[in-house]
Amino acid sequence: MTDGTLDPESAEAGDSSAPFRESASELLAPFLELLPVSGASISVAAGPSHSTLGSTDAVAAQLEQLQFELGEGPHWTALRSGRAVLVADVRTDSAMWPVFAAAASELSARALFAFPLQLGAATVGVVDLYRAAPGDLSGADVAAARSLALVASSAAMRLASASASQEVAGVHAAAPELRRVVHQATGILVVQLDVTATEAFARLRAHAFASGVPLDAVARDVVARRLTFHDERGTE
């Protein structure tokens with residue numbers, strides 16, 4: 001869609017002249033309006049901390065949640081590499097993320113596209129897009145998505161900051177909440193296990209995957225002191 005590509009000068013991250021988007025739904029709306037996709041989600045990340053700002057529908061929310069819990073998928077590859085990740089068909093392009101691909105194949109999503117949110121040289125989050133039908137994005141669509149992600153980057157960080165202290169209206173009901181409880185549980189494990197925050201988060205996620213319990217539920221048990229990792233330290 002050639003009319004979806006933004007002027008590079010107006011797309012510069014942090015440009016104070018860019019309009020401030022007040023909700024995640026407004027941040028995601030241009031992606032659905034200008035690109036041939038079915039749904040989207042947007043999240044920000046700093047180290048092990050990871051906050052979902054919103055999603056447009058239940059499938060987008062489920063895809064984001066799956067990747068968050070499994071620690072693999074186009075989202076994480078885009079976040080770690082700072083590059084767009086394009087999957088024409090998750091049912092056949094599964095070699096890089098076999099566990100995620102198997103789970104995602106059960107949802108009504110075939111094509112997945114992840115675009116990093118960047119401020120300068122730093123990757124601060126990801127916009128995840130999906131389409132119900134398989135197929136690549138055109139070169140013009142990829143350029144448009146990159147421009148939209150660049151524009152959204154600083155607004156997403158401002159929204160994340162505001163959301164940390166109060167509930168923000170306008171987020172779709174299907175979107176996961178900001179995962180404060182996961183961050184709290186990670187901090188508790190840092191103390192319990194005397195490890196870094198990155199290692200603590202990895203241990204939390206590994207426990208959730210091994211037990212078949214959602215990561216958020218495991219985190220709530222840790223915060224409520226119903227689950228402790230003290231006993232696991234000497235057995236691994």
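Counting heavy atoms of neighbouring residues, nucleotides and ligands inside a 6.0 Å radius, atom CZ of R83 does not exceed 12 of them.
Clustering ILVMFWY residues whenever any of their side-chain heavy atoms sit less than 4.5 angstrom apart, transitively, puts L204 in a cluster other than the one holding V190.
Between the S55 side chain and the A60 main chain, no donor and acceptor come within less than 3.5 Å of each other. At least one donor-acceptor pair closer than 3.5 Å links the side chain of E72 to the backbone N or O of V99. For the pair Q67 (side chain) and H75 (backbone), a donor-acceptor distance under 3.5 Å is present. Judged purely by atom type and a 3.5 angstrom limit, Q118 uses its side chain to pair as donor or acceptor with the backbone of G82. Listed for the R225 side chain is a donor-acceptor partner under 3.5 Å among the backbone atoms of V223. Between the S51 side chain and the V44 main chain, no donor and acceptor come within less than 3.5 Å of each other. Between the side chain of T56 and the main chain of A40, a donor-acceptor pair closer than 3.5 Å is present.
Closest non-hydrogen pair, A78 versus P116, comes out as O-CB, 3.9 Å. Between V195 and A200, the closest heavy-atom pair is CG2-N, 3.8 Å. The minimum heavy-atom distance between W76 and R205, with the atom names listed, is CZ2-NH1, 3.9 Å. Shortest non-hydrogen contact noted between A88 and D136 is CB-OD1, 3.1 Å.
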Using side-chain contact (heavy atoms from CB on, under 4.5 Å), reason through L112 and W97 one step at a time and then give a plain yes or no. CA-CA 12 Å; L112 306 176; W97 321 286; over 6 Å; no
side-chain contact (heavy atoms from CB on, under 4.5 Å) for Y130 and V90? Distances and angles first, verdict last. CA-CA 10 Å; Y130 83 89; V90 71; over 6 Å; no
Where do L63 and D128 land on the side-chain contact (heavy atoms from CB on, under 4.5 Å) test, with the steps shown first? CA-CA 9 Å; L63 287 167; D128 290 291; over 6 Å; no
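Between R203 atom CZ and L189 atom CG the span is 8.0 Å, to the nearest 0.5 Å. Of the inter-residue distances, the one linking L215 atom CG with L70 atom CG reads 10.0 Å to the nearest 0.5 angstrom. The structure places OG of S25 at 11.0 Å from CG of L53, a figure rounded to the nearest 0.5 Å. In this structure, CZ on R110 lies 12.0 Å from OG on S38, to the nearest 0.5 angstrom. Note that OG of S153 and CZ of F115 are 12.5 Å apart. Values are rounded to the nearest 0.5 Å. Interatomic distance, CZ of F100 versus OG of S105, reported as 8.5 Å (0.5 Å rounding).
Of the residues listed (I42, L27, V126), the one engaging L117 in a side-chain contact (heavy atoms from CB on, under 4.5 Å) is I42, and it is the only one.
The shortest side-chain heavy-atom distance between F68 and T52 does not fall under the 4.5 Å cut-off. Within the 4.5 Å cutoff, no side-chain heavy atoms of M96 are placed close to those of P74. In this structure, H207 and L227 have side chains that are in contact, with non-hydrogen atoms separated by less than 4.5 Å.
Scanning for side-chain contact (heavy atoms from CB on, under 4.5 Å) contacts around A102 gives an empty result, with sequence neighbours left out.
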